[in-house]
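Values in this document were obtained by computation on a predicted structure and should not be read as measured data. Worth knowing before you read on, the calculation uses all heavy atoms, side chains too, and leaves out hydrogens, waters and symmetry mates. Residue numbering restarts at 1 for every chain, and letters A, B, ... go by the order of the sequence lines.
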Amino acid sequence: QAQLVESGGGLVKPGGSLRLSCAVSGFTFSDYHMYWIRQAPGKGLGWVSYIGSSGSPIYYADSVKGRFTISRDDAKKSLYLQMNSLRAEDTAVYYCAKGAPSGSLDYWGQGTLVTVSS
Amino acid sequence: QSVLTQPPSVSGAPGQRVTISCTGSSSNIGAGYDVHWYQHLPGTAPKLLIYGNNNRPSGVPDRFSGSKSGTSASLAITGLQAEDEADYYCQSYDSSLSGWGVFGGGTNLIVL
């Protein structure tokens, strides 16, 4: 059974940085593309970033392009999201999710809360 | 404003059948992209409910079913149970977004 565990969330001031991590187990991490998805308070799910199984392609939502960087370490079975120049509107629960061949996201983590506030 | 449109909320009594619609356009659902559905209870990991329009992952009860027609898709839940009260999201892809995915805005299911 696949398991994904996010960490690294917390309270940060506007303009600050955070690095989220997602440790996975239960599947061959290097074979799958991965996603970061977020849910702002009172809002629905929203795409943040995508990384292919070999590290490319990489996509970002327009709202985070140029500020966030997705990466993966297949040896450590970990997915990362470096978040710089954080804004209040980046406040959300951030989920990592595993991509399935069907185009769905078949396993998700429990999420980590990022709060951007002064 | 989401590319895929879902009703904000639906409700039903225990034992009843409810459906949740997901309306897209010719650049996403109508272009032939598959639709997937997720169940999300607050504070928990979202769960894949339906993939590829009408397929249930192992462990998902057959009370849940999906369908797709034209530019829309639907999730049906029969024999409604209190534990089904959650948010439900549809997901697909959009050719106008360079293959980037799209979510519906989500539907809150209330079990009366």
Hydrophobic clustering (ILVMFWY, side-chain heavy atoms < 4.5 Å, transitive) - are [Y] and [X] grouped together?
| X | Y | answer |
| --- | --- | --- |
| Ile20(B) | Leu80(B) | yes |
| Tyr80(A) | Val12(A) | no |
| Leu86(A) | Val64(A) | yes |
| Phe29(A) | Ile58(A) | yes |
| Leu41(B) | Leu4(A) | no |

(message) At a 4.5 Å cut-off on heavy atoms, which part of Pro57(B) comes close to chain A: side chain, backbone, both, or neither?
(response)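 Contact with chain A: none, neither part.
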
(message) For the CD atom on Glu85(B), are there more than 12 heavy atoms of other groups (residues, nucleotides or ligands in this structure) within a distance under 6.0 Å?
(response)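 Yes.
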
(message) Which atoms of Ile37(A) are under 4.5 Å from chain B, going by heavy atoms: the side chain, the backbone, both sets, or neither?
(response)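 Answer is side chain: those atoms of Ile37(A) sit under 4.5 Å from chain B.
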
Nearest non-hydrogen partners of [X] and [Y], listed with the distance:
| X | Y | answer |
| --- | --- | --- |
| Leu105(A) | Gln91(B) | CD1-OE1, 3.8 Å |
| Ser104(A) | Leu48(B) | OG-CD2, 3.6 Å |
| Ala45(B) | Gly109(A) | CB-O, 3.1 Å |

(request) State, with a plain yes or no, whether a side-chain heavy atom of Gln39(A) is found less than 4.5 Å away from one of Tyr89(B). (result)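 With C-beta onward as the side chain, the pair touches.
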
Value rounded to 0.5 Å, distance of [atom1] in [X] from [atom2] in [Y]:
| X | Y | atom1 | atom2 | result |
| --- | --- | --- | --- | --- |
| Ser58(B) | Asp106(A) | OG | CG | 12.0 Å |
| Ser102(A) | Ile50(B) | OG | CD1 | 11.5 Å |
| Tyr107(A) | Lys47(B) | OH | NZ | 10.5 Å |

(request) Indicate the ring-plane relationship of Tyr38(B) and Trp108(A), choosing parallel, tilted or perpendicular according to the 30° and 60° boundaries. (result)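 Rings of Tyr38(B) and Trp108(A): perpendicular, over 60°.
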
(request) Look at the rings of Tyr95(A) and His40(B) and say which category their plane angle falls in: under 30° parallel, 30 to 60° tilted, over 60° perpendicular. (result)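 The rings of Tyr95(A) and His40(B) stand perpendicular, inter-plane angle above 60°.
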
